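Here the structure comes first, spelled out in structure tokens, and everything after it is commentary.
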Amino acid sequence: MDIAKLIERQQAMLAEAGELVRKGGTPAALLARPLALHAVHADRIAARIAALEVEKKDVTARIDDEIMALKGELKGVEERIVLNRRNFAPAMKASDAAPVKPRAKKVK
């Protein structure tokens, strides 16, 4: 069966179903079923949205906490850098500023 025949058959079935609905020969329970299925689907989507919003809040809070911790750590490192520069400045000026050679590894 080719696609044109399938489309014709579908159109005929839709026309027949439309006639049945208009004549009132279809039970109300059968007509209400698609609406109920859509309502269930809408409820599932709403529940997923709510779950994602909660997850988003949790992730955002975790990231904010991590950022605050890293900012505190960064502040401490920056303070140590300032202190080290202040403490090492006299010694660095006194030396010839010759580069320090790395130590050779001892072979056992």
Side-chain angles (χ1 to χ4, degrees):
M1 190 176 282
D2 66 342
I3 192 75
K5 288 183 181 178
L6 286 172
I7 292 173
E8 286 177 27
R9 188 171 175 192
Q10 178 187 15
Q11 293 299 328
M13 291 175 72
L14 287 172
E16 183 181 343
E19 280 297 315
L20 287 173
V21 169
R22 282 190 289 279
K23 288 181 181 177
T26 307
L30 186 61
L31 293 175
R33 184 143 194 227
L35 297 174
L37 290 175
H38 287 302
V40 168
H41 187 62
D43 290 344
R44 287 182 183 156
I45 291 171
R48 181 67 179 139
I49 289 170
L52 286 172
E53 287 174 347
V54 168
E55 184 178 342
K56 179 183 173 182
K57 287 179 184 174
D58 292 345
V59 169
T60 302
R62 183 186 55 80
I63 290 171
D64 287 343
D65 291 344
E66 191 170 340
I67 288 170
M68 291 302 294
L70 288 171
K71 283 182 178 181
E73 184 177 345
L74 178 61
K75 184 178 179 183
V77 170
E78 288 172 342
E79 288 172 355
R80 282 190 296 264
I81 289 171
V82 170
L83 287 174
N84 286 339
R85 282 186 181 152
R86 190 177 327 140
N87 291 334
F88 297 155
M92 291 175 74
K93 288 179 183 177
S95 72
D96 295 331
V100 178
K101 295 180 183 178
R103 292 183 181 179
K105 291 185 178 179
K106 292 182 182 180
V107 179
K108 292 183 179 181

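The figures here come from the full heavy-atom set of this structure, side chains too, leaving out hydrogens, waters and symmetry mates. Quick caveat, the model's predicted, so the values are computed rather than measured.
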For Leu14, enumerate each residue passing the side chain to side chain contact (heavy atoms under 4.5 Å, CB included) test, keeping only those at least two apart in sequence or located in another chain.
Gln10
Connected hydrophobic set around Ile63, excluding itself, where side chains approach under 4.5 Å:
Val59, Ile67
Rounded to the nearest 0.5 Å, how far apart are CG of Leu35 and NE2 of His38?
7.0 Å
Run through the side-chain heavy atoms of Ile, Leu, Val, Met, Phe, Trp and Tyr, join any pair under 4.5 Å, and report what else lands in Leu52's cluster.
none
What's the spacing between Met13 CE and Glu16 CD if we round to 0.5 Å?
7.5 Å
Sequence neighbours left out, what passes salt bridge (Lys or Arg N to Asp or Glu O under 4.0 Å) with Glu66? Give chain and number order.
Arg62
So how far is it from Leu70 CG to Asp65 CG, rounded to the nearest 0.5 Å?
11.0 Å
Those residues at least two apart in sequence (or on a different chain) that pass side chain to side chain contact (heavy atoms under 4.5 Å, CB included) with Ile45 are His41, Ile49
Checking one residue: Ile81. Which other hydrophobic residues are in its cluster under the side-chain 4.5 Å linking rule?
Val77
Going from NZ on Lys56 to CG on Asp58, what distance comes out if it is rounded to the nearest 0.5 angstrom?
12.5 Å
For residues 79-91, pull every pair meeting salt bridge (charged side-chain N to carboxylate O under 4.0 Å, His left out), keeping only residues two or more places apart or in separate chains.
none
